Amino acid sequence: MPATLDDDVREHLDGALNELAEGAQSWAHLSLRQRTVLLQALRRTIAQQSRTWARTAARSKGLDDQHPLRGEEWLSGPYTVLDMVDALIRSLEKLAEDRSPLDGVRLDQTASGQMRAHAFPLTGMDRFLLAGFSGEVWLRPGVTETEARAAAGLAQRTPQESGGIGLVLGAGNITSIPVLDVFYELFAHNRVVILKVNPTQDALVPVYEKALAPLIAPGFVRIVQGGGDVGEYLTTHKAVDHVHITGAEATFNAIVWGTGGAATRRRRENRPKLKKSITAELGGVSPIIVVPGPWSEADLRFHAEHIATMRLQNCGHNCIAGQVVIVSADWPQREQFEIELRRAYASAPERLLWYPKADERMQQAAESYPDAWKLADRLLVEVGPDDDATDLQTTEYFAPVLGVVSLPGTGQEFVDAAVAHANTQLHGTLGANLLIDPATEKALGDGFDNAIARLHYGSIAINAWTAFGFIIPTLTWGAYPGGTLDNVTSGIGVVHNALLLDNVERSVIRGPFRPFPRALAAPFTGDRLTILPTPPWFVSSRTGAEVSEGLTRFRARGGVLALLRTLVYALRA
């Protein structure tokens, strides 16, 4: 046991695990209909806590009740969790009727011949509110439609078979992540859960306890706090059957192999310190590929704000924050685009660095790139032909550091080069973003689709940000397959996945290139029609906080008048 763990803490943890051992037996006796009733109770308690949840999260990150970015905590907190609960209810209801969660979901083949499920939107309200956005889950090569439909449901196809106790080492940056990971252990794997909250989320523990009360009371979930010593004790505890972590690659390696010389010996001998299974989501360096085309001034301005959002949402403390913008050196509009990017990056609302050691990583970036633009509280690194981009492309700064690198070529030549660059030069495989105007995408045809198939990332967003895929429960979230204990990069396995699909390779999100009202020309431009002038998650949205809160309240309670009021705010963004 860790030397710093005192007897009272150890006794508390052992007691929690003993209670979960009993809870695991009860969980295995619940029918699918009973689990649906439990989810409906969860929906009520989460909705009751939504305001306290969002306000507590915002204040813990230094955002007061008037800060323009406080809406981030509504969308990435209670909204996302409520959406997941609703999606799980739909899946369990189908399974209870001896149907597949994929019933009513269209499946077809990608350009590469893989089976894909058109997993978003699946409800009329999503088709309306998020018009122009869609999401697909690609299955691994060789999986047939019959196999996909038969396997959907995972452990909920045999709910009486207990998966034991799972340990979730909660993320410290986004408040929905620990809860979503708990749900995945319960419903994808039939494991009851001990959740160790990251110390950065300690202020949320009372909220989590009330929101998850229907799971805590019968012994299906226990929430504990503490530092690395508590985490180490739990990962090695004989009662824990599986470990899931959302965090840093270094933390994963310490859990699996240990530290120092002992870890080196274990790796060499292929003798992991951890003696149980582990899954993980660990982040990485995410590319933003800007495909050259005939962009208008409004297009340049909108997508500069789009990219600034990808980096600056949550102050850059996101595993999926875009970090490396890949542009064409031969794009006639490149200089104008970079001017717009500097403007958007500098003019986004300022906020505090709040995640531990973010200031150290900012300093590291400043030392590596002394000529970087210092814009407000953030850095913009424009890598020149004689500069070394290695640090930018291999270090996940987890802070407001954005870089721009250029490659030669236009059209298919550039797309192919950018995909190869992202696959080979950037560390990690969690998420990649591409921005491409409809005319250019149409001109590339199958060449673009084939390039997407070669882009080895677990989440790919085309004219959207991969974080949009994070909040959509019926899509999957995780690294591209291939991570191992010895070379984990962005992780092993997936989460979210409310359709409970097996043999997943990736998710692909598609969005509109132009916002409302310019999107009204979609029938003539080939774009996607959307009702959003500026998405509420954009850091440049003037009404993002009001819209995010309104959408969460509508998700929780419904109400046409409240929705109309929220839409009015959205149109003023």
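Because the structure is a prediction, the values reported are computed rather than measured.
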>> With a 6.0 Å cut-off on the ring centroids, do Phe513 and His303 count as close?
In response: yes
> Side chains of Phe302 and Arg514: closer than 4.5 Å at any heavy-atom pair?
Replying inline: no
> How about Asp181 and Thr246: does a side-chain donor come under 3.5 Å of a side-chain acceptor?
Replying inline: yes
> Centroid-to-centroid, Phe468 to Trp537, below 6.0 Å?
Replying inline: yes
> Which heavy-atom pair separates Gly322 from Arg311 by the least distance, and what is that distance?
Replying inline: O-CD, 3.1 Å
>> One thing to verify: whether Glu136 and Arg116 come together as a salt bridge, which I'm taking to mean a side-chain N less than 4.0 angstrom from a carboxylate O.
In response: yes
> Taking all atoms of both residues into account, what is the closest heavy-atom pair of Ser548 and Pro536, and its distance?
Replying inline: OG-CB, 3.9 Å
> Using 4.0 Å as the upper bound for N to carboxylate O, is an ion pair formed by Asp108 and Arg106?
Replying inline: yes
>> Any non-hydrogen side-chain atom of Ile326 less than 4.5 Å from a side-chain atom of Ile288?
In response: no
> Should we say atom NZ of Lys357 is surrounded by more than 12 heavy atoms from elsewhere, each under 6.0 Å from it?
Replying inline: no
> Passes salt bridge (charged side-chain N to carboxylate O under 4.0 Å, His left out), Arg343 versus Glu340? Steps please.
Replying inline: CA-CA 5 Å; Arg343 180 201 60 78; Glu340 289 291 347; 3.0 Å; yes
> Are Pro400 and Tyr345 side-chain neighbours, meaning at least one heavy-atom pair lies under 4.5 Å?
Replying inline: yes
>> To check you understand the geometry: which heavy-atom pair defines the closest contact between Glu73 and Thr175, and what is its length?
In response: OE1-CG2, 4.2 Å
>> Using the rule given for side-chain contact (heavy atoms from CB on, under 4.5 Å), can you reason through Thr80 versus Leu75, listing the C-alpha separation, both sets of side-chain angles and the distance that settles it, and then say yes or no?
In response: CA-CA 6 Å; Thr80 298; Leu75 280 186; 5.6 Å; no
> Side-chain contact, heavy-atom cut-off 4.5 Å: Lys61 with Asn314?
Replying inline: yes
> Would you call Tyr369 and Val401 a side-chain contact if the rule is heavy atoms closer than 4.5 Å?
Replying inline: no
> Can you tell me if Gln114 and Gln109 form a side-chain donor-acceptor pair at under 3.5 Å?
Replying inline: no
>> Does this structure show an ion pair linking Arg301 with Glu305, if we count only N-O contacts that are shorter than 4.0 Å?
In response: no
>> Can a donor-acceptor pair be found, under 3.5 Å and without considering hydrogens, that links the side chain of Asn433 to the backbone of Ser286?
In response: no
>> Measuring from atom CD1 of Ile289 to atom OG of Ser328, what distance do you get when rounded to the nearest 0.5 angstrom?
In response: 12.5 Å
> So which heavy atom on Ala432 is nearest to which on Leu455, and how close?
Replying inline: CB-CD2, 3.8 Å
>> Run Val488 and Leu282 through side-chain contact (heavy atoms from CB on, under 4.5 Å) and show every step you take.
In response: CA-CA 8 Å; Val488 69; Leu282 304 173; 3.6 Å; yes
>> Strictly distance-based, threshold 3.5 Å: is any side-chain N or O of Arg378 a donor or acceptor partner for the main-chain N or O of Ala348?
In response: yes
> Under 30°, 30 to 60°, or over 60°: which ring-plane class applies to Phe470 and Trp477, parallel, tilted or perpendicular?
Replying inline: perpendicular
> Is atom CD of Glu269 surrounded by more than 12 heavy atoms (other residues, nucleotides or ligands) closer than 6.0 Å?
Replying inline: yes
>> Using a 3.5 Å distance criterion without hydrogens, assess whether the side chain of Asp126 forms a donor-acceptor pair with backbone atoms of Leu122.
In response: no
>> Whether the side chain of Asp330 engages the backbone of Thr410 through a donor-acceptor N/O pair (distance < 3.5 Å, no angle test) should be reported.
In response: no
> Could you state the interatomic distance from CG (Leu274) to CG (Leu485), rounded to the nearest 0.5 Å?
Replying inline: 8.0 Å
> So, do Trp465 and His306 have ring centers that fall under 6.0 Å from each other?
Replying inline: no
> Side chains of Val404 and Val383: does their closest heavy-atom pair fall under 4.5 Å?
Replying inline: no
> Would a distance-only check, ignoring hydrogens and angles, find a side-chain to backbone donor-acceptor pair under 3.5 Å from Ser91 to Ala498?
Replying inline: yes
>> Quick check: closest heavy atoms across Gln364 and Thr395, and the distance to 0.1 Å?
In response: NE2-CG2, 3.8 Å
> Do any N or O atoms from the side chain of Lys275 and from the backbone of Pro272 form a donor-acceptor pair under 3.5 angstrom?
Replying inline: yes
> Rounded to the nearest 0.5 Å, what separation is found between the CG atom of Asn253 and the CG atom of Asp486?
Replying inline: 8.5 Å
> So, do Phe133 and Phe120 have ring centers that fall under 6.0 Å from each other?
Replying inline: no
> Is there a side-chain contact between His244 and Ile278 (heavy atoms, below 4.5 Å)?
Replying inline: no
> How many angstroms lie between CG in Asp387 and CD in Glu382, if you round to the nearest 0.5 Å?
Replying inline: 10.5 Å
> Going by an N to O cut-off under 4.0 Å, is there a salt bridge joining Asp416 and Arg454?
Replying inline: yes
>> Applying side-chain contact (heavy atoms from CB on, under 4.5 Å) to Trp331 and Phe414, what does each step give before you reach the verdict?
In response: CA-CA 10 Å; Trp331 186 23; Phe414 172 80; over 6 Å; no
>> Closer than 3.5 angstrom, by distance alone: can the side chain of Thr429 be matched with the main-chain N or O of Ala479 as a donor-acceptor pair?
In response: no
> In Å, rounded to the nearest 0.5 Å, how long is the span from CZ of Phe183 to NE2 of His496?
Replying inline: 11.0 Å
> Is there a salt bridge (charged side-chain N to carboxylate O under 4.0 Å, His left out) between Arg518 and Asp299 once you walk through the steps?
Replying inline: CA-CA 10 Å; Arg518 291 190 296 123; Asp299 295 335; 2.6 Å; yes
> Going by atom types alone, do Ser277 and His242 pair a side-chain donor with an acceptor below 3.5 Å?
Replying inline: yes
>> Show the nearest heavy-atom pair for residues Leu102 and Leu107, with the distance to one decimal.
In response: CD2-CD1, 4.1 Å
> Looking at Glu72 and Arg351, does any basic side-chain N land under 4.0 Å from a carboxylate oxygen?
Replying inline: yes
> In Å, rounded to the nearest 0.5 Å, how long is the span from CG of Leu300 to CZ of Arg334?
Replying inline: 13.5 Å
> Donor-acceptor pair, Ser176 side chain versus Ser76 backbone, under 3.5 Å?
Replying inline: yes
> Hey, is CH2 on Trp354 packed in by over 12 heavy atoms from elsewhere, all under 6.0 Å?
Replying inline: yes
>> Quick check: do Thr144 and Met115 have side-chain heavy atoms less than 4.5 Å from each other?
In response: no
> Do the charged groups of Lys276 and Asp241 touch, with an N to O distance under 4.0 Å?
Replying inline: no
